[in-house]
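The chain is numbered in sequence order, starting from 1.
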Amino acid sequence: MRNQRWNVLGILVSLCMIGTWGMAQDAAAPVAPPTPPAAPAAENPATPAPVAATPAPAAETPAAVTPAPTPPVEKPSPKKVRGMLPRYYKSVVSEEQKLQIYDIQSQYRPQIRELQQKMDALKAEMNQKIENLLTEEQKEAIQAQKDARSRK
C-alpha cells in the first residue's frame, strides 16, 4: 500500500512538472457573448406588425456638417500558440502535429494546475504535522542548520 502511494505521488509530480512549462503563455482568448435572438414576428395575423417611424427629412443647411473621423480600429493579432514539445519530438513532428500537441497540453493544463495546488497543500499539511512532532530544541537545531546552509 505504501509503495502504491509513492507511485501515485511520483506520477502526479511528473505530470505537474510537465504541465507547468509554458503555462504563462496560455491565456484564454476572450469569448464574445452570445447575441440575443431576434424578436418574434406578430403572432396574430389580424394585428399588423409595428412599423418603425421614419425620421423626418433634415432641414437643409447651407454648410454640411461632417462627422469627425474615427480612429482606425486595431485588429488583435492572432494568438500565438505556445507549449513545450516532449523530448525528441521537435525533429519528428510536423507543424500541424505541433499545434495539435500544444492544444492537447492547453486542455490538460488547468487540471494539472489544480492538482499541483492540491499537492502543494498536502505537502504543507504533511510538513506541518512532521514539524509538530519535534521538540523546541530540535526545531532550533534544524533552523540553525538551515541558516548555516543559506550563508554558503
Q107 CD to I112 CD1 distance, which is reported to the nearest 0.5 Å: 11.5 Å
task: Report the distance from atom CD of Q117 to atom CZ of R113, rounding to the nearest 0.5 Å.
output: 8.5 Å
- request: Drop me the distance from L134's CG to I142's CD1, to the nearest 0.5 angstrom.
  value: 4.5 Å
- prompt: Does atom CD of Q143 have more than 12 heavy-atom neighbours, drawn from other residues, nucleotides or ligands, at distances under 6.0 Å?
  reply: yes
query: Are M126 and I130 side-chain neighbours, meaning at least one heavy-atom pair lies under 4.5 Å?
result: yes
task: Using a 4.5 Å cut-off on heavy atoms from C-beta on, say whether the side chain of Y88 contacts that of V92.
output: no
- prompt: Can you name the residues that form a side chain to side chain contact (heavy atoms under 4.5 Å, CB included) with E137, not counting sequence neighbours?
  reply: T135
query: Within a reach of under 6.0 Å around NZ of K139, are more than 12 heavy atoms found that belong to other residues, nucleotides or ligands?
result: yes
task: Please round to the nearest 0.5 Å and tell me the distance separating atom OG of S106 and atom CD1 of I101.
output: 12.0 Å
- prompt: Does one side chain, of E131 or N127, offer a donor that lies under 3.5 Å from an acceptor on the other?
  reply: no
- line: Separation between CG (D103) and CD (Q97), nearest 0.5 Å, reads 13.5 Å
L133 to Q138 - nearest heavy-atom pair and separation: O-OE1, 4.4 Å
- prompt: If you look at every heavy atom in G83 and R109, which pair is closest and at what distance?
  reply: CA-NH2, 4.3 Å
field: Heavy-atom closest pair, residues K90 and K98
entry: O-CE, 4.4 Å
